[in-house]
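In what follows, a structure is listed as structure tokens, so that the remarks can point back to it.
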Amino acid sequence: MRAHLARVDAVLVQAVIAAALSFAHLHDLASAAGQDGWKAWAYPVSVDLLLVAAWRRLRSGRDRAAGWCWFLVALAASLGANIATAGLLDLGDVPDWLRILVAGWPALAFLGGTLLAHTANAPSAEPAAEQSTGPEVAEPAPAPSVPAVSEFPASSTAAVPAALVEHARKIATAHQERTGAPIDTPTLRARLGVPAPLAEQIAAQLT
């Protein structure tokens, strides 16, 4: 545990140092480019916020191309300030193109932050059945229309339509999976909504 805390503390210290130096470099560059007072301090805040917004988009897994694009833009701004203030640029004589970039950065950062933070979430593709918390036994389809009972002779089972027998078989299977016991004739009759003689003929064909 102590070793883990030591590693975490080292990472936090490095992060604080890097953030402070980058913050100061961005402030110095903005100030040298003509952005005085509070405006010079707002530039590093803008860069850091864009980095955070891009990182959150990458972590969310949505539209990673946009996340990487704006992350690299903010990273280039931060690294560019670090390099420019390391003695490679005369802060007393900032070139015009750099003044233009610094002056245009707020609009660019606002555009990137808006696109990253306010893009609508993609609708969930998971069907409602997959979001169920427990197993469910699928109910059979509605029973087909049943002809009048007079059309089914009591002494013959061949007159029962095959579709009705198949539907009854599905009901019986679902009942046994749900209760662990075979379905009886009265229950089958109630589920099918057929007369008793016809339910007995169907039950005979299920056994």
Side-chain angles (χ1 to χ4, degrees), residues 1-139 177:
M1 177 63 71
R2 291 183 178 180
H4 176 71
L5 290 176
R7 289 195 299 271
V8 172
D9 290 343
V11 171
L12 290 177
V13 170
Q14 287 282 31
V16 170
I17 293 174
L21 291 175
S22 180
F23 198 92
H25 291 159
L26 284 166
H27 168 270
D28 294 344
L29 183 62
S31 180
Q35 307 298 324
D36 300 327
W38 66 269
K39 293 182 290 185
W41 292 108
Y43 274 83
V45 174
S46 174
V47 173
D48 290 345
L49 288 178
L50 185 58
L51 279 171
V52 171
W55 179 247
R56 286 174 62 87
R57 171 59 64 88
L58 291 175
R59 290 290 300 273
S60 71
R62 298 183 294 107
D63 195 7
R64 296 177 65 89
W68 275 115
C69 175
W70 290 106
F71 183 83
L72 292 176
V73 169
L75 184 63
S78 180
L79 290 177
N82 294 340
I83 296 173
T85 56
L88 300 180
L89 179 68
D90 183 5
L91 296 182
D93 186 17
V94 177
D96 293 340
W97 62 267
L98 185 56
R99 292 178 183 272
I100 295 174
L101 287 180
V102 172
W105 170 258
L108 182 64
F110 176 76
L111 173 63
T114 301
L115 293 177
L116 290 172
H118 297 287
T119 301
N121 293 333
S124 175
E126 296 182 359
E130 295 181 359
Q131 300 175 0
S132 176
T133 57
E136 295 183 359
V137 178
E139 290 292 335
E177 290 178 354

Review point. With a cut-off of 6.0 Å (strictly less than), are more than 12 heavy atoms of other residues, nucleotides or ligands near CZ of Arg99?
Key: yes
Side-chain contact, heavy-atom cut-off 4.5 Å: [X] with [Y]?
X: Pro106; Y: Tyr43; value: yes
X: Trp68; Y: Val73; value: no
X: Trp105; Y: Leu101; value: no

Separation between [atom1] of [X] and [atom2] of [Y], rounded to the nearest 0.5 Å:
X: Leu115; Y: Phe110; atom1: CG; atom2: CZ; answer: 9.5 Å
X: Leu72; Y: Leu79; atom1: CG; atom2: CG; answer: 10.0 Å
X: Leu29; Y: Ser78; atom1: CG; atom2: OG; answer: 11.0 Å
X: Thr85; Y: Leu26; atom1: OG1; atom2: CG; answer: 8.0 Å

Point to revise | Nearest non-hydrogen partners of Val102 and Gln35, listed with the distance | key: CG1-CG, 3.8 Å
Point to revise | Minimum heavy-atom distance Ala77-Val47, with the two atoms named | key: CB-CG2, 4.3 Å
Review point. Quick one: does Ser31's side chain have a donor or acceptor within less than 3.5 Å of a partner on Asp28's backbone?
Key: no
